[in-house]
Amino acid sequence: TGSTDSGANGWSPDNDFYAGSAPIAIQDQQYASLHIGFSFSKVHRQMASVEKRIWLITLLSILFGSALSLLSAKLISIPIRDLALQAKLAGRGDFKQSLTYQSRDAIGQLAESFNQMVADIKTEIQERKDTEKALRKSEEEYRHLIERVNDGILIIQDGLIQFANPRAIAMSGEASEDFIGSPFTDYLHPDEQEKVRRFYAQRMAQKDPVSIYETIFVRKDGELIYAE
């Protein structure tokens, strides 16, 4: 049989080395002593190295995250800035440019919606220009027709002559600047005043207006003109 008694054990003064010893005895007779020592300096160095690596990885992660955030912010801000610029140009009537953004995220959908809106506005503007052009052409043709016909044509508003074609002015015997803007009743025969006023009131009120009737106009020189 054998037994082991503990010897002196403990740390070095700088706590960097641990030493321990124990006697080896058989039947209460000591034959040898076992001495064990372990240095923690290498462990401390390895732990310090690991700690430095952890700090380095943390720092790199922070820098990478910041760089990624800046890049993402820039990638987002560029299309938003372009959108704001195009919106400003569109507000001034400049629809020549469009937004180009390939991504299908929210910014891409916004850019697509903006481009569609601009395309619709351009189409509407072009249609309006075409309509105005056709209207001007129609008005010009209508004016030429009115000016060339042999019948007198008047446009009366609020009882005043607002337009008269050359034939109507010639029939009145008045100068154009005197005829336009004067009351149409000034050129009616006294016996026709009440009847024509009544017909005119009915037409303005849209109450069974008489479309065709005969009346008598009086020229500036007193000549009577029988008209229908």
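If you're wondering where the values come from, they're calculated on a predicted model, not measured in any experiment. Atoms considered below: every heavy atom in the structure, side chains included; atoms not considered: hydrogens, waters and symmetry mates.
When all heavy atoms are compared, the tightest approach of S176 to I169 is OG-CD1, 3.7 Å. Taking every heavy atom of both residues into account, E192 and E214 meet most closely at OE1-O, 3.7 Å.
Under the 4.5 Å side-chain criterion, counting only non-hydrogen atoms from C-beta, Q162 is in contact with L160. The closest side-chain heavy-atom distance from I225 to R219 is below 4.5 Å. Residues E228 and I212 have side chains in contact (heavy-atom distance under 4.5 Å, counting atoms from C-beta outward). Here the side chains of V210 and Y200 are not in contact, with every heavy-atom distance at 4.5 Å or above. A heavy-atom distance below 4.5 Å is found between the side chains of Y187 and S182.
With rounding to the nearest 0.5 Å, the separation of CG in L188 from CD in E194 is 12.5 Å. Rounding to the nearest 0.5 Å places CG of L135 at 13.0 Å from CZ of R128. Here CD1 of I180 is found 8.5 Å from OG of S172. Values are rounded to the nearest 0.5 Å.
Paired with V196 under the rule side chain to side chain contact (heavy atoms under 4.5 Å, CB included), one option of I216, T185, T215 passes, and it is T215.
Residues Y213 and I156 are members of one and the same hydrophobic cluster, defined by side-chain heavy-atom contacts under 4.5 angstrom among Ile, Leu, Val, Met, Phe, Trp and Tyr. Hydrophobic clustering (side-chain heavy atoms under 4.5 Å, transitive across Ile, Leu, Val, Met, Phe, Trp, Tyr) groups F217 together with F184. Both L154 and F199 sit in one connected hydrophobic cluster of ILVMFWY residues. Membership requires side-chain heavy atoms under 4.5 Å apart, directly or through other members. M171 and Y226 are assigned to two separate hydrophobic clusters, defined by single-linkage of ILVMFWY side chains at heavy-atom distances under 4.5 Å.
The pair R136-E140 fails the salt-bridge criterion, with no side-chain N (NZ, NE, NH1 or NH2) lying under 4.0 Å from an Asp/Glu carboxylate O.
Taking the salt bridge (Lys or Arg N to Asp or Glu O under 4.0 Å) definition, one finds that E139 meets it with nothing, sequence neighbours left out.
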